[in-house]
Structure formats: structure tokens, C-alpha cells
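Shown next, in C-alpha cells, is the structure this report addresses.
Here the structure is a predicted model, which means the values were calculated and not measured.
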Amino acid sequence: RFSSQEKPPPPADGDRKGSVRGSVRVRGSIALQALSLAPTEEEIKAGLEAEEKDKKVEKAVVQVAKEVAKEPAKRTESVARVPERLVVLGGFSNSKVNGTYIERNSDEYVIGSCSTFWSESKETFIFCRKGDKRWLVSYCTEFESARKGGLFSILSRSPQSIDVGDSKLIKGWESWSGREWKPVPEAGVVKVALAGDQKEVAQVTASEDTAAAMTPEERREQAKRFLKQLWARVLMIGFVVCFFSAGAGMLFQGAASQLVQDAGHFEQVWQERIELKTDDDLMNKTYIKIYDKMHRDDTVEPSAPKMQDRWVYAYYIRMSLIANLGYALPWFFLFTTIGWARTRRYFLLFFAPQAVFMFAYGFLAAAYLCGTGRLLLDDWPERIGGFVLAGLQTFVAIPYVQRKVGLKHAFRPIIMPYLILWVALVGLRYFVPVMTAMLTIEWNKVLFRLTLYQMGSEFLVGLTRLSLRFVPLEDQEEVRPEDKPLILLGIMCLFQYWGRIIMMDLKEPGPQIVCSFGLGMIEFFSRITVVSRDKAYMRVVLRSKLRMSAYWSGNAAGMKRFRCSTIYMHGVLEYLMIFSAFSFSYASGLTRAIDLASLSMNLCIQIGSELIVDALSFYWELFREKLPIVAAWDARKPNWAWYFGIFVVCFNLFAISQTGEYFCAFENPDLKDAVVLRYCGREK
């Protein structure tokens, strides 16, 4: 305190600010304004007691400090006006303590000589108590009391003599047990960021606050704008997907037509003319399995019909293209995270030569087969060679790029999702055909689609999602939360496409309706419980609820942005896969539907159920949970439509190539009126 007749002492070195109790240190015009509001000599002489005078002086100084804080034009602009650090607390049982705290170091926020940190919710703040050098968490409403040395609540406290902004991320903060303070090993600082990171978080927080503060009418208008922009981009992508799917189906139809006509001159492939019980006498050596080596190599089953040269070249070119698309997936993940410019030279160095080699081998193998009638390499050596090349891309090329570019993360956002994708591909390729072949009753096929298939999808898609969640928000310069769904896109495409192919194989209205609307209910439940499920998965992986809570709360903003970006991408992807499965099924004939009308009815049922599910889900997410989906859409990559469209088209061709080989037909020469469909070698 100082009397009205004295000038304030100059601030000591290293002491940026002072507290009101003790010595209030102000500069220049601030001091003059404070002194002008101090009690006059006349008032003192009129009989004011010294204690009452001190209280009025103190009150005047506090009032002036608040007024000056509201007038930035009267202050010199300095770095102190910008929050310098951002601290994230996590691992506390009290959810009010967990969260992001932003540093405030201007005069009105300082306690003692230390800055304070304020939560984004403006409910709690952190400050340093000089006596034991502990950092305490209290309610924002008790800030003035804490600043004046009065009574205040303590929600949690740090160990003694630490710096809350220490890069070592001090844990072991204490919580009140009801009788004493007890340290919690996993509770404490989970992240410290600088002003640059805080700026990004502040922008997202501002967007979320704006979204949460909207009226229902404003939210509806925002939703209309979002859907209009989204579907304007997706419709063109859908047209291209249908075009390529139908084209691929026509190639399968053409190749199979030639083989079947050579075997018995059937005009319609895959069309069930007569339903027969497939007894042993129908199992002969003249059956057609698309692209089986018996239809290419003259030395294998000489009596089987052989491909014409044009279809041999088409086969090897297709296989080369599909292999290159599979090898390019980790590079696509790199492009979506750090951009084309930083990875271009390494892509040309590692991938381009391999792609040229694959096409050269395809032409050489086709020419050798057409010239000699024998395979250059058997199917199994080709597959083993393909896995070796994929391994080189995954475990040699990508880690090399990581070292050269200086990436912190390569395994979780790139290598791990790629490996999971290969596991899913092998499982779908060999397990699903066998299961569906055994399920001759359509209701059993519906049960399989809604249970076992969905469980496998959730396991592998959830594992990929979890791997991406373990890339923390502090590393968003490498992997932004808004870009993570593009990495998740591969595994989602694979399961959704194969699932729709299974559903397109249903020909009775009852199973079609039950399967479509049952799947819709599962999808709605999955979308509204994805956070709870991922927290449960993370808890299992970390083997600790506290560690899970600490990590999740420290990255809560990034988790929400990831979820919101996944929502709109998942919504449009379902429709693309439905139309792709329909186009390919119809053009190739790989369906048990009796005619186009039956197949179209199946399509309408699937689209109708999906529209209902999306309407309910978007209402729940936008209006009930008030998720900033539109903010996530606005924060997408500038060329998002190109990334999304090219990937969906290319990966769709990749998935189609794995589908067609499991449908095959054969003919008994003695029964010219029947074509029996076979699925992966098993009779239907």
C-alpha cells in the first residue's frame, strides 16, 4: 500500500507485476489515474480513519486497473497481450479439472508475479501459490479471493517447486480424498504447447463455440448449406464410380461369355434358367471360373475352354493396374497428411520404377502365354512376389521417407492402417465366400451380414480408427484431425463394398427389407456410440482407465474434429458403395436377382433405409449433440474432392477385382438348359 502523497516504487528486476495486497505497481499514466482517485486531504482531515482510507485507496486502484484493461488503445501493444503457452491437464477423476488451459499474463490476470492459466470453459483456472510453489486448480469465480489472499477452493494441486509449463509434463498431482491430499500417479500435465499451437486450438474452439451458440434456425440454414456443398461434389464422384463399376462388370461379362460360349454356347452368363439340385454328376471338368489358370494354360485341364488373346492381355493389364493401386495406398496416406510437394521426389524414386516394372511384367507374361500357351509364372509365385513388393513399400520406402522428411509419426497413421487393410483383404477374400456359399437360405445370409460380418468390420475398422486416435493433437502439423478420415477411407470402402455385394445377392423382398433396415439400425447405434466404444478400446490397449482419461482429455479437441470429419465422409461413402455394387452386379451378371426389376427393388430398399438412417443420425449429431460438423467440413483440405474422388474410384476397382474371381459357372454337356453358379468352388 502507499499513501496518496507518495509515488509508487519502480518495479524490481524480474518482477513484471505486483499484487494489490502488498505493493501495487503501476506505470506512467496508470499511476496518475490511480492517484487522482485516491482520497483527498480534505476527506482525511474531515475525520476519516486511517484504516478506512486505506480500504478506499485499495478499492480505487483495483477499479482503475480494471478500467485500463478495457482500454487497449491506452496501452502499449506487447507480446504479453497474447497467451504464450497452452497447458492440458488430464487423468483427474474430477472432469472439471481435465481440459485445456490458456495462459493469461496481462495485469488483470496475474497473481503474485506469475501468470495464470484459464480453462476453455471459463470454469476453472490454475495459479501458483508463492509459499510452497505449488500450482493450484480453483474455480474462476474465486479468482479475486485467491488474488487477495482470501479463502478459495482447491480442486487439485501440483507437487512442490515445479513449473506447470515444464516440457517434462509433470504428473503426480494431488487430489483431496476427503481426509487428506493423495497423489494420483497418472494425473497432471499431459501436453504443453506454444502460442502457435494455441492459435490453431483457439480457432477451432471459436468455431465450436459459434456452432454451439447458434439458434435452431441458424443451425438449419447452416446444415442446408453444408449438405448442398457436400452433394454437389459427391454427385460427380458417384457418376464416375458407377461408370467404372459398370465398365469393370462388362469386362467380366465379356470374358465369361467367351468362355461359356466355347463350353456350350450359352448366351446369358450367370442367369439362372432352371433351379436344380447340384448332384455329383454335375461336377465335371468343363466348368468356368473367371481368370482361373485352367482357362489360360494349355497344360492345365486341356479340355477346359481357353481365353482368347485379347482377354489374356486384358487379364494381365488389369492385374498390373490393381497391384499398383494396392502398392500406392501408403503413398496416398502420405499425400493426405504432409502433401504432394514434400513426398513427390520419394514417390518418383520408389514407387514409379516399381509401377513400370509391374506393367512390363504384365505385358511380358501375356505375350509369353499367347505365344507358348504356358504361364510365365504360376499364380502362387506371382502372389508371393506381390506381397514382397508390398513389404518393401511398407517397411523400407516409408521409413526412409520418414527419416528424410523428419516425420514424427509413420507407423500409426500410415503403416498400421495399411497392414490392417491387407489383413481385411485376405479375410474377405477367403473367409466371406466360403461362409456365403454355405448359407443357401437367404435368411441365414441376412443373419451372417448383420452379425459376424458386422463384428469383423467393427473390429478392423475400429482398430484402424484407434491407431489414428493415438496420433496426438500436438502433432497436427503432420496429421490434422480433419485428414485422418482419408486414411480410414480404405478399410471403410472395403467392408462397405463387400457388404453391399452380399446384400445385392438377395432376391426375395423380405430378406432385402430386414437386412437393409437392420443394418440401418446398427449404423445409427454405431454413429452415436463411437466415442464410448473407442474409449473402451483405448482403455484395453493402455490397460488403465486413468491413462485413457488423461490422453483423451488432453486431445479432446482433436478427437471431436476427427469424429466430425468422419461423419460426413461416412455418409456419402455408403451411397457410393451401394451404387457401385448395383452397377457391377448388373453389368457383370454376378447376382441371383431374376431380372433388372428385382435388382432395382433391392437398390431402392437399400437407398431408402440409408436415407432414413442419415436423417436421424445427422439430426442427433447436429441438433442433439451440437457437433461442429460444418466447422470440420469448412476445415477440410482445399482439394478434398479430388483426394476423395480419385481414391474412391481407384480403390473401388481394387475391391471389384477381388470380388469377381469368386463367381464362376460350369455346364454339364448333357444338360444344355442349365448354368449352375459356383461361388469360390462351392456349388449353390
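Side-chain contact between Tyr537 and Val541: absent, with no pair of heavy atoms (C-beta onward) separated by less than 4.5 Å. Between Leu489 and Phe651, the closest side-chain pair of non-hydrogen atoms is not below 4.5 Å. Side chains of Pro472 and Asp475 form a contact here, defined as non-hydrogen atoms less than 4.5 Å apart. Taking 4.5 Å as the limit, some side-chain heavy atom of Leu375 sits within range of a side-chain heavy atom of Leu369. For the pair Tyr568 and Pro485, the minimum side-chain heavy-atom distance is 4.5 Å or more. Residues Leu488 and Pro417 fail the side-chain proximity criterion, which asks for heavy atoms closer than 4.5 Å. Annotation: side chain of Phe495 is not in contact with side chain of Gln454 (no heavy-atom distance under 4.5 Å). At a threshold of 4.5 Å between non-hydrogen side-chain atoms, the residues Met569 and Leu486 count as touching.
Atoms CE and CD1, from Met455 and Ile522 in turn, are 11.0 Å apart once rounded to the nearest 0.5 Å. In this structure, Met577 CE and Tyr497 OH are separated by 8.5 Å, a value rounded to the nearest 0.5 Å. Put simply, CD on Glu610 and CZ on Arg500 are 5.5 Å apart, with the number rounded to the nearest 0.5 Å. Atom NZ of Lys404 and atom CG of Leu349 lie 10.5 Å apart (nearest 0.5 Å). For the atom pair CG of Leu473 and NZ of Lys560, the computed distance is 12.5 Å after rounding to the nearest 0.5 Å. Here His409 contributes atom NE2 and Ile415 contributes atom CD1; the two are 13.0 Å apart, rounded to the nearest 0.5 Å.
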For Asp614 and Tyr575: C-alpha separation, side-chain torsions, deciding distance, then whether side chain to side chain contact (heavy atoms under 4.5 Å, CB included) applies.
CA-CA 11 Å; Asp614 281 341; Tyr575 296 99; 2.7 Å; yes
Can you list the steps and then say if Asn324 with Phe351 is a side chain to side chain contact (heavy atoms under 4.5 Å, CB included)?
CA-CA 9 Å; Asn324 282 325; Phe351 180 77; 4.3 Å; yes
Stepwise side-chain hydrogen bond (donor to acceptor under 3.5 Å, both in side chains) test for Tyr418 and Trp422:
CA-CA 6 Å; Tyr418 188 54; Trp422 275 107; 3.0 Å; yes
Kindly indicate, with the supporting measurements, whether the criterion side chain to side chain contact (heavy atoms under 4.5 Å, CB included) is fulfilled by Leu235 and Phe239.
CA-CA 6 Å; Leu235 286 177; Phe239 174 78; over 6 Å; no
Run the side chain to side chain contact (heavy atoms under 4.5 Å, CB included) check on Phe459 and Ile420 step by step: do they pass?
CA-CA 10 Å; Phe459 175 72; Ile420 295 173; over 6 Å; no
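Of all heavy-atom pairs spanning Met358 and Ser320, the tightest one is O-OG, 3.1 Å. Minimum heavy-atom separation, Cys242 to Phe579: SG-CB, 3.5 Å. Cys650 approaches Leu325 most closely through the heavy-atom pair O-CD1, 3.4 Å. Between Val88 and Ser553, the shortest heavy-atom contact is CG1-O, 4.1 Å. The two residues Phe524 and Ser617 come nearest to each other via the heavy atoms CD1-OG, 3.3 Å. Between Ile501 and Phe584, the shortest heavy-atom contact is CD1-CD2, 4.3 Å.
Heavy-atom contacts from other residues, nucleotides or ligands closer than 6.0 Å to CZ of Arg233 number more than 12. For Phe350, the CZ atom sits in a packed shell: over 12 heavy atoms of surrounding residues, nucleotides or ligands are nearer than 6.0 Å.
Under the rule for a salt bridge (Lys or Arg N to Asp or Glu O under 4.0 Å), Glu382 has no partner lying at least two apart in sequence or in another chain. Scored by the side-chain contact (heavy atoms from CB on, under 4.5 Å) test, Val356 finds no partners at all (sequence neighbours excluded). Applying the ring pair (Phe, Tyr, Trp, His ring centres under 6.0 Å) rule to Phe332 yields the partners Phe647; only residues at least two apart in sequence or on another chain are considered. With sequence neighbours excluded, the residues satisfying side-chain contact (heavy atoms from CB on, under 4.5 Å) with Thr529 are Phe525, Arg533. Asp378 is linked by a salt bridge (Lys or Arg N to Asp or Glu O under 4.0 Å) to Lys293, counting only residues two or more places apart in sequence or in another chain. Residues that satisfy the salt bridge (Lys or Arg N to Asp or Glu O under 4.0 Å) test with Arg465, not counting sequence neighbours, are Glu458, Asp534. By the salt bridge (Lys or Arg N to Asp or Glu O under 4.0 Å) test, Glu478 is found to be paired with no residue, residues two or more places apart in sequence or in another chain being considered.
Applying the ring pair (Phe, Tyr, Trp, His ring centres under 6.0 Å) test to residues at least two apart or on different chains, the pairs with a partner in residues 546-565 are Phe470-Tyr551. The side-chain hydrogen bond (donor to acceptor under 3.5 Å, both in side chains) contacts involving residues 337-346 comprise nothing, where partners must be two or more places apart or lie in separate chains. Note on residues 483-496: pairs passing side-chain hydrogen bond (donor to acceptor under 3.5 Å, both in side chains), not counting sequence neighbours, are Arg480-Asp483.
Between the side chain of Ser565 and the backbone N or O of Arg561, at least one donor-acceptor pair lies under 3.5 Å. No side-chain donor-acceptor contact under 3.5 Å links Arg296 to the backbone of Met307. Distance alone, capped at 3.5 Å, is enough to place a donor-acceptor pair between the Arg563 side chain and the Arg527 backbone. A donor-acceptor pair is defined here as one N or O able to donate and one able to accept, closer than 3.5 Å; such a pair exists between the side chain of Ser245 and the backbone of Val241.
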Please tabulate, for side-chain N and O atoms in residues 632-646, each donor-acceptor pair with protein atoms closer than 3.5 Å (sequence neighbours left out).
unit_1	atom_1	unit_2	atom_2	d
Trp633	NE1	Gln229	OE1	2.8
Arg636	NH1	Trp633	O	2.7
Lys637	NZ	Thr336	O	3.2

Compile the donor-acceptor pairs under 3.5 Å between side chains in residues 386-400 and protein atoms, sequence neighbours left out, one pair per line.
unit_1	atom_1	unit_2	atom_2	d
Gln393	OE1	Trp331	NE1	2.5
Gln393	NE2	Gln354	OE1	2.8
Thr394	OG1	Ala390	O	2.8

